[in-house]
Enquirer: 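Before anything else, here's the structure in question.
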Amino acid sequence: MKKLLLTAMLVGTFGLTYAQSDYYNDYRRSITDINWASVITDLVLSQTQANQIYVLNDRYHDYNSWNRVYVNNPDRWREDRYIELERILGPDKYLKFKNKYYKGQNPVAVYNRNKNNNKKYKHGK
């Protein structure tokens, strides 16, 4: 009976949570759904800014490298990524970026809403 109860609790817990890999998939989509060369051109970014964006995008090249950092708090990737992106772009260009790719909404809120609604967000291009 204890095994059955424990199994039911585990299935219920994992069935209702947002899986760790879903967080990573959101992270990857935040990179792959955007044409970064176009962002760099449209926002007239310097070569230094472009290089910093490419480094940011390559920071976690696979699930294991991402998971080592975010295993205890997978939600944190959103804030970390977009704070860093705002630092690279500066407030004015970051606002233009948000307006074009996130319809003026905070990207962190968009991905949090995905998690809460269990829906995938399509970036407007």
Enquirer: Would you say Trp36's side chain and Ile31's backbone share a donor-acceptor pair under 3.5 angstrom?
Expert: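 Flag set: sc Trp36 to bb Ile31 pair under 3.5 Å.
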
Enquirer: Is there a side-chain contact between Gln49 and Ile40, using heavy atoms and a 4.5 Å cut-off?
Expert: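 A side-chain contact is absent here, since even the closest heavy-atom pair is not under 4.5 Å.
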
Enquirer: Say whether Thr48 and Asn51, considering side chains only, have a donor N or O and an acceptor N or O under 3.5 Å apart.
Expert: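 No donor-acceptor contact under 3.5 Å links the two side chains.
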
Enquirer: Is Ile83 reachable from Ile34 through a run of I, L, V, M, F, W or Y residues, each pair having side-chain heavy atoms under 4.5 Å apart?
Expert: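 In one cluster with Ile34: Ile83, no.
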
Enquirer: Is there a side-chain contact between Tyr24 and Trp77, using heavy atoms and a 4.5 Å cut-off?
Expert: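 They are not in side-chain contact.
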
Enquirer: Can you tell if the side chain of Asp26 reaches within under 4.5 Å of the side chain of Arg78, non-hydrogen atoms only?
Expert: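 Yes. Closest side-chain heavy atoms under 4.5 Å.
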
Enquirer: Which heavy atom of Lys96 sits nearest a heavy atom of Leu43, and at what distance?
Expert: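 That closest heavy-atom pairing would be CB-CD2, 3.7 Å.
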
Enquirer: Using 0.5 Å steps for rounding, measure from the CZ atom of Arg28 to the OG atom of Ser21.
Expert: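 It comes to 14.0 Å.
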
Enquirer: Are Pro74 and Tyr27 side-chain neighbours, meaning at least one heavy-atom pair lies under 4.5 Å?
Expert: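 They are not in contact (no side-chain heavy atoms under 4.5 Å apart), so the answer is no.
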
Enquirer: I'd like to check the side-chain contact (heavy atoms from CB on, under 4.5 Å) partners of Val71; sequence neighbours left out, ordered by chain and number.
Expert: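 Partners of Val71 under the side-chain contact (heavy atoms from CB on, under 4.5 Å) test: Gln20, Asn67.
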
Enquirer: Take Leu89 and Ile53 through the test side-chain contact (heavy atoms from CB on, under 4.5 Å) and record every step on the way to the result.
Expert: CA-CA 9 Å; Leu89 297 176; Ile53 287 174; 3.8 Å; yes

Enquirer: Spell out, as yes or no, whether a donor-acceptor pair under 3.5 Å connects the side chain of Glu86 to the backbone of Pro91.
Expert: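 Here the side-chain-to-backbone pair does not exist.
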
Enquirer: Does anything in residues 36-58 form a salt bridge (Lys or Arg N to Asp or Glu O under 4.0 Å)? List the pairs, not counting sequence neighbours.
Expert: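 Non-adjacent pairs meeting salt bridge (Lys or Arg N to Asp or Glu O under 4.0 Å): Asp42-Lys100.
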
Enquirer: Which residues pass the side-chain contact (heavy atoms from CB on, under 4.5 Å) test with Arg76, sequence neighbours left out?
Expert: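 For Arg76 the side-chain contact (heavy atoms from CB on, under 4.5 Å) partners, ignoring immediate neighbours, are Val69, Tyr70, Asn73, Asp80.
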
Enquirer: Should Glu84 and Arg81 count as an ion pair when the cut-off is N to O under 4.0 Å?
Expert: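 Not counted as a salt bridge, because no side-chain N and carboxylate O are separated by less than 4.0 Å.
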
Enquirer: Find the distance between OH (Tyr101) and OG (Ser30) and round it off to the nearest 0.5 Å.
Expert: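 Tyr101 OH to Ser30 OG: 13.5 Å, rounded to 0.5 Å.
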
Enquirer: Under 3.5 Å, side chain of Lys93 to main-chain N/O of Ile88, donor-acceptor pair present?
Expert: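 Looks like no, no N/O pair under 3.5 Å.
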
